[in-house]
Asker: 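Encoded as structure tokens, here's the structure I'll be asking about.
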Amino acid sequence: MLKHKGKYQTYTDGWGTVWKVKDRRLVGIRQAVLHFQEQTVGERRYWDAYVAGTQVTKAVRVPYEASVEQGDIFMIGGNQYEVVQKDLKDDRLPASWLLSLASVVIEYREGEKGGGQSESRS
């Protein structure tokens, strides 16, 4: 009996935190806990990004309701990744976003606390 892919999407590979960014500073948490499923970076996705000057190092699927935008920083296990592309995928239920992530060479730091822009982590 052959095993085949189910019709349903799960996000059990891990979780991370999504940060809003302004002027290379982390200004606030957009979503404290965002579960994801790792995906392979396809050859076409990798080379299209490479030609555009970006090296995609990771691809993950996140729930459709996720609060994440292109340009945000997605922190996974202490590593920072920039969201360079966000594509809607509805080939499995529920619909999800496929995020192309690029490793951050120079780490982003939290912005100054006095601005009132930071959100709580809870």
Asker: Any side-chain heavy atom of Leu99 sitting closer than 4.5 Å to one from Val68?
Answerer: yes

Asker: Just so I know, are the side chains of Leu26 and Gln80 near enough to count as touching, which here means a heavy-atom distance under 4.5 Å?
Answerer: yes

Asker: Could you pull out all residues at least two apart from Asn79 that satisfy side-chain contact (heavy atoms from CB on, under 4.5 Å)?
Answerer: Tyr81

Asker: Any donor-acceptor pair under 3.5 Å linking the side chain of Thr57 with the backbone of Ser103?
Answerer: yes

Asker: Could you list the cluster mates of Trp15? Members are the ILVMFWY residues connected by side-chain heavy atoms closer than 4.5 Å, either directly or through other members.
Answerer: Val33

Asker: Examine distances only and state if a side-chain atom of Gln70 and a backbone atom of Val84 form a donor-acceptor pair shorter than 3.5 Å.
Answerer: yes

Asker: So do the side chains of Arg30 and Asp72 get within less than 4.5 Å of each other, counting heavy atoms only?
Answerer: yes

Asker: To the nearest 0.5 angstrom, please state how far the CH2 atom of Trp97 sits from the CG atom of Leu34.
Answerer: 13.0 Å

Asker: Which distance, rounded to the nearest 0.5 Å, do you find between the CZ of Arg24 and the CD of Glu107?
Answerer: 10.5 Å

Asker: Verify, without hydrogens or angle tests, whether Gln9 (side chain) and Arg92 (backbone) share a donor-acceptor contact under 3.5 angstrom.
Answerer: no

Asker: Atom CG of Leu101 and atom CZ of Phe36: how far apart are they, to the nearest 0.5 Å?
Answerer: 9.0 Å

Asker: Just checking, any donor-acceptor pair under 3.5 angstrom between side chains of Gln37 and Arg61?
Answerer: no

Asker: Does the side chain of Ile29 come within less than 4.5 Å of Gln31's, by heavy atoms?
Answerer: no

Asker: Could you check whether any side-chain N or O of Thr17 sits under 3.5 Å from a backbone N or O of Ala32, counting only pairs where one atom can act as donor and the other as acceptor?
Answerer: yes

Asker: May I ask you to say whether Arg25 pairs ionically with Glu110, meaning some side-chain N is under 4.0 Å from a carboxylate O?
Answerer: no

Asker: Can you measure from OG (Ser96) to CG (Asp91) and round to the nearest 0.5 angstrom?
Answerer: 7.0 Å

